[in-house]
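This report refers to the structure that appears directly beneath it.
Only this structure's heavy atoms are used, side chains among them; waters, hydrogens and symmetry mates stay out.
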Amino acid sequence: RGCRRVVTAQGNARADTAAAYGGVGGIVRAYLRHRLACAAAERADVVVGVNPDWTVNVPLHPRRFVYIPNMIEDDFFEARRDPEPGIVLFAGGARAIKGWALLAEAWPHVRAAVPNSRLNVIGWAHGQPLPVGLMEHRASLVVEGWISSRELAARMERAAALVIPSHFEVSPIVLAEAWAIGLPVVAVPVGGVPALATGAALLVDREPQALAEGIVAALAGGEQIDRLVREGRRRAEAHRAEAVSAAHISLYEELLNSAA
């Protein structure tokens, strides 16, 4: 009490909870977390969001909203791409909200169009069975658990495209990481993705055939893909540690000075 309150909104409490739990339990948990998020936003003097569209994950209009992008590691700016044709990177793991089921449906269509394509899956839990739709394409998969930022940057250096097929996203860090490296991104326009990625990623309808066609287009490259990559590199600058730190410091200095 008596101090300025700043709340940083990263995920979406309702969407994340509903995706993690099923049935009545999921509904109740999602509602309770939504109410807690409302209370936090309502009491804040400033809500800092990692997406420029506050409606993506702030449950009510805050008194003041400031967009400050997610920070990403320097490894992604320092990496140098040496892509291997046909390698598609998916860094969402097995969580349903990350859209692995949709990718499993789309992958056979990608393989039919690009026979030498390979899918590098990052974040897959040990012992977790692969989606049924991917079993017959097991030879085209490279499946790994969670890896370090440096290791992910190395995977991105070799990849020809990144795919983000999620059910919901607020501000996927992997998007900015791909931008920094110059890796083409194919994504579905859910949650906060359109506000962040329009003009800097290939956005496709959230259905298997459209996703597959987007991946194939990214692998083929061309002027459109090059233009998206250039714009992504430009936007990545706002995600540098120095830029994100400076934005936070500026906000806190302003709040301290106004309270004096």
Full working for side chain to side chain contact (heavy atoms under 4.5 Å, CB included) between V188 and D205:
CA-CA 6 Å; V188 294; D205 291 340; over 6 Å; no
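- Put simply, the side chain of F90 reaches to within 4.5 Å of the side chain of P165, judged on heavy atoms.
- Looking at heavy atoms from C-beta onward, L102 lies in side-chain contact with P208 at the 4.5 angstrom threshold.
- Scanning for side-chain hydrogen bond (donor to acceptor under 3.5 Å, both in side chains) contacts around D74 gives an empty result, with sequence neighbours left out.
- Under a hydrophobic clustering in which Ile, Leu, Val, Met, Phe, Trp and Tyr are joined whenever their side-chain heavy atoms come within less than 4.5 Å, directly or via other members, I164 and I147 fall into the same cluster.
- Between L175 and A197, the shortest heavy-atom distance links the atoms CD2-CB, 4.0 Å.
- Checked against side chain to side chain contact (heavy atoms under 4.5 Å, CB included), S149 has the following partners two or more places apart in sequence or in another chain: E73, D75, F76.
- Separating the CZ atom in R230 from the CZ atom in R235 is a distance of 13.5 Å, to the nearest 0.5 Å.
- Taking 4.5 Å as the limit, some side-chain heavy atom of L196 sits within range of a side-chain heavy atom of P52.
- Side-chain contact check for L60 versus E42: some heavy-atom pair is nearer than 4.5 Å.
- We find the CD1-CG distance between I225 and L202 to be 5.0 Å, quoted to the nearest 0.5 Å.
- The side-chain hydrogen bond (donor to acceptor under 3.5 Å, both in side chains) contacts involving residues 151-161 comprise E144-R155, S148-E151, where partners must be two or more places apart or lie in separate chains.
- Placement of W124 and L141 within a single hydrophobic cluster is found when ILVMFWY residues are connected by side-chain heavy-atom separations under 4.5 Å, directly or transitively.
- The side-chain hydrogen bond (donor to acceptor under 3.5 Å, both in side chains) test applied to R227 returns no partner, not counting sequence neighbours.
- Shortest non-hydrogen contact noted between E169 and V193 is CB-CG2, 3.9 Å.
- A heavy-atom distance below 4.5 Å is not found between the side chains of V244 and R240.
- The closest donor-acceptor contact from the side chain of N12 to the backbone of V56 lies under 3.5 Å.
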Pair L251, L255 - check side chain to side chain contact (heavy atoms under 4.5 Å, CB included), show working.
CA-CA 6 Å; L251 173 62; L255 292 174; 4.2 Å; yes
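- For residues 247-256, every residue pair satisfying the side-chain hydrogen bond (donor to acceptor under 3.5 Å, both in side chains) rule, not counting sequence neighbours, is listed here: R64-E254.
- Partners of R95 under the salt bridge (charged side-chain N to carboxylate O under 4.0 Å, His left out) rule, at least two apart in sequence or in another chain, do not exist in this structure.
- Under the side chain to side chain contact (heavy atoms under 4.5 Å, CB included) criterion, P85 pairs with N116, sequence neighbours left out.
- Note on V185 and V204: separate hydrophobic clusters, where clusters join Ile, Leu, Val, Met, Phe, Trp and Tyr whose side-chain heavy atoms are under 4.5 Å apart, directly or indirectly.
- Taking the side chain to side chain contact (heavy atoms under 4.5 Å, CB included) definition, one finds that Y21 meets it with T17, R29, sequence neighbours left out.
- The backbone N or O of E78 lies less than 3.5 Å from a partner atom in the side chain of R80, making a donor-acceptor pair.
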Kindly indicate, with the supporting measurements, whether the criterion side chain to side chain contact (heavy atoms under 4.5 Å, CB included) is fulfilled by R35 and C38.
CA-CA 5 Å; R35 294 306 305 160; C38 286; 3.8 Å; yes
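- Listed by first and then second residue, the salt bridge (charged side-chain N to carboxylate O under 4.0 Å, His left out) pairs involving residues 7-25 amount to none (not counting sequence neighbours).
- Taking 4.5 Å as the limit, some side-chain heavy atom of L219 sits within range of a side-chain heavy atom of I215.
- Counting heavy-atom neighbours within 6.0 Å of R150 CZ, excluding the residue itself, gives a total of 12 or less.
- Considering all non-hydrogen atoms of both residues, V58 and V47 come closest at CG2-CG1, 3.9 Å.
- Closest approach of G182 and V229 over heavy atoms only: O-CG1, 3.4 Å.
- Residues passing the side-chain hydrogen bond (donor to acceptor under 3.5 Å, both in side chains) test with E207, sequence neighbours excluded: none.
- Between L183 atom CG and R233 atom CZ the span is 10.0 Å, to the nearest 0.5 Å.
- Counting only heavy atoms from C-beta outward, the side chains of M71 and H239 never approach each other to under 4.5 Å.
- When atom types are taken as modelled, the side chain of D45 and the backbone of R5 share a donor-acceptor pair closer than 3.5 angstrom.
- With sequence neighbours excluded, the residues satisfying side chain to side chain contact (heavy atoms under 4.5 Å, CB included) with T8 are Q10, V48.
- Residue V24 is grouped with residue L32 when hydrophobic side chains (ILVMFWY) are merged at heavy-atom distances under 4.5 angstrom, including chains of intermediate members.
- The number of heavy-atom neighbours closer than 6.0 Å to CZ of R4, taken from other residues, nucleotides and ligands shown, is above 12.
- Interatomic distance, N120 CG to L89 CG, rounded to the nearest 0.5 Å: 5.5 Å.
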Yes or no on side-chain hydrogen bond (donor to acceptor under 3.5 Å, both in side chains) for S171 and N51, after CA distance, side-chain angles and deciding distance?
CA-CA 6 Å; S171 181; N51 189 292; 5.4 Å; no
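- S117 pairs by the side-chain hydrogen bond (donor to acceptor under 3.5 Å, both in side chains) definition with nothing, not counting sequence neighbours.
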Determine whether V143 and R138 satisfy the following criterion, side chain to side chain contact (heavy atoms under 4.5 Å, CB included), listing intermediate values before the conclusion.
CA-CA 9 Å; V143 181; R138 183 66 180 85; 4.2 Å; yes
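- The distance from atom CZ of R234 to atom CH2 of W179, rounded to the nearest 0.5 Å, is 9.0 Å.
- The closest side-chain heavy-atom distance from V163 to L211 is below 4.5 Å.
- A pairwise comparison of heavy atoms in P108 and A104 identifies CD-O, 3.1 Å as the closest pair.
- The two atoms that bring P59 and A41 nearest to each other are CD-CB, 4.5 Å, heavy atoms only.
- Cluster membership for V50 and I68, using ILVMFWY side-chain heavy atoms within less than 4.5 angstrom, is not shared.
- Rounding to the nearest 0.5 angstrom, the gap separating the CH2 atom in W107 from the CG atom in L103 is 7.5 Å.
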